[in-house]
There are 2 protein chains.
Amino acid sequence: MGLSKTEIFTADQNAMARYAKVMGHPARIAILQYLFEMNSCICGDIVNEIGLAQPTISQHLKELKSVGLIKGNIEGTSVCYCIDKDEWSKMKVVLTTFLNQDLDEANCGC
Amino acid sequence: MGLSKTEIFTADQNAMARYAKVMGHPARIAILQYLFEMNSCICGDIVNEIGLAQPTISQHLKELKSVGLIKGNIEGTSVCYCIDKDEWSKMKVVLTTFLNQDLDEANCGC
DNA sequence: TATTTATATTGCAATATTACGATTAAAGAA
DNA sequence: TTCTTTAATCGTAATATTGCAATATAAATA
């Protein structure tokens, strides 16, 4: 179907999956890394940095924006993109809590 | 195209995206949580716990196995699935390093 | 051996994702 | 106003994902 059955999962599970999913593409990882590295963050620079066409980058930026991880400010004809620190912090809490689950508790006979 | 251009990204970027992608579905999050909670981890139990058909769960388990996050041991007619602690630790390092990037360094004028 | 039980695989339909050329929109420059 | 620049949107092709019914497989049991 291509359609996830989100209804049967908890809000937490869906939120975690949503964050993870948006990070589940190397171009979006690369974009986020670039935004962390650079203080200037013009969309055109991202297009030049990463070897993908402008509409493709624009689409990835849209997805990052849809979960709130980045925000864009119009500056004349160009757009300056930045990490949204509040949302990044939220994601960090959600994902690290999951990643830091105690492995010693996960013991089965296998 | 539906096909990611992995060639133009670094091994690290692709590895991160691969981990994130596999966690990018609530059913797989739910499965991992269940494997953490329970010490017994029979496939059939997972099917009962999560409201998805058996073939669907089997498919999700396959994807989790493909990145090495879980391993399955045959026990008679059933299969016992467990978290692979080594791989989980690897993922934890890769993702938390990314998540813990210094937000104060990411400053633009926006 | 035949039957049951538990899981994997196959095949398929519906939808989503990735990528890009072409076009559009909006702001600045000539 | 016209031209240029920059980024978003549209349209489309190729591929991937999600989900399940039906079937296959493999081990245990009767």
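Letters A, B, ... are given to chains in the order of the sequence lines, protein chains preceding strands, and every chain is numbered from 1. Just so you know, these numbers come straight off a predicted model, no measurement behind them.
For B/Tyr81 and C/dA8, the shortest distance from a side-chain N or O to OP1 or OP2 is below 4.0 Å. Of the side-chain N and O atoms in A/Lys62, none sit less than 4.0 angstrom from OP1 or OP2 of D/dA7. One finds a side-chain N or O of A/Ser58 lying less than 4.0 angstrom from the OP1 or OP2 phosphate oxygen of D/dA8. OP1 or OP2 of C/dA19 has at least one side-chain nitrogen or oxygen of A/His60 nearer than 4.0 Å. Regarding contacts with the backbone of D/dT17, every side-chain N or O of A/Lys21 stays at 4.0 angstrom or more from both OP1 and OP2.
Rounded to whole Å, atom C1' of C/dA16 lies 13 Å from atom NE2 of A/His25. Per the geometry, CZ belonging to A/Arg18 stands 11 Å off P belonging to C/dT17, to the nearest Å. Protein atom CD of A/Glu63 is 8 Å distant from nucleotide atom C1' of C/dT17, rounded to whole Å. The CD-C1' distance, from A/Glu49 to D/dA7, rounds to 18 Å in whole Å. At whole-Å resolution of the value, CG in B/Leu64 and P in C/dT7 are 16 Å apart. Remark: C1' of C/dA26 and CG of A/Asn73 are 16 Å apart, rounded to the nearest angstrom. Put simply, CD1 on B/Ile57 is 12 Å from P on C/dT7, counting in whole angstrom units. Between the CG atom of A/Leu61 and the P atom of D/dT6 there is a distance of 16 Å, rounded to whole Å.
In terms of position along DNA chain D, the nucleotide closest to A/Lys65 lies nearer the 5' end than the nucleotide closest to the other residue of the pair A/Lys65 and A/Leu3. When each of A/Ile74 and B/Thr77 is assigned the nucleotide of DNA chain C bearing its nearest heavy atom, the one mapping closer to the 5' terminus is B/Thr77. Between A/Arg28 and A/Gly76, the residue whose closest nucleotide on DNA chain C is further toward the 5' end is A/Arg28. Positionally, the nearest nucleotide of DNA chain D for A/Val47 lies more toward the 5' end than for the other of A/Thr6 and A/Val47.
Checked by distance alone, A/Gln59 brings no side-chain donor or acceptor within 3.5 Å of a matching partner on the base of D/dA8. Judged by distance alone, with hydrogens and angles left aside, B/Gln54 brings no side-chain donor or acceptor close enough to the base of C/dA6 to form a pair under 3.5 Å.
Within the nucleic acid shown, A/Thr56 comes within 4.0 Å of at least one base atom, counting heavy atoms only.
Counting only heavy atoms from C-beta on, A/Lys5 has its side chain closest to D/dG19 among D/dG19, D/dT6, C/dT7. Comparing D/dA22, D/dA7, C/dA19 by their nearest atom to the side chain of A/Leu52 picks out C/dA19.
Taking the centre of each ring, B/Tyr19 and B/Trp88 stay at or above the 6.0 Å mark.
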CA sep, side-chain torsions, deciding dist, call: A/Thr6, A/Asn14, side-chain contact (heavy atoms from CB on, under 4.5 Å): CA-CA 7 Å; A/Thr6 52; A/Asn14 284 315; 3.6 Å; yes

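Between A/His60 and A/His25, the ring-plane angle classifies as tilted under the 30° and 60° cut-offs.
Hydrophobic clustering keeps A/Met91 apart from B/Val93 (ILVMFWY residues linked when any side-chain heavy atoms are closer than 4.5 Å, directly or through intermediates). Note on A/Leu35: it clusters hydrophobically with A/Met38, by side-chain heavy-atom contacts below 4.5 Å among ILVMFWY residues.
Counting only heavy atoms from C-beta outward, the side chains of A/Cys82 and A/Ile70 never approach each other to under 4.5 Å.
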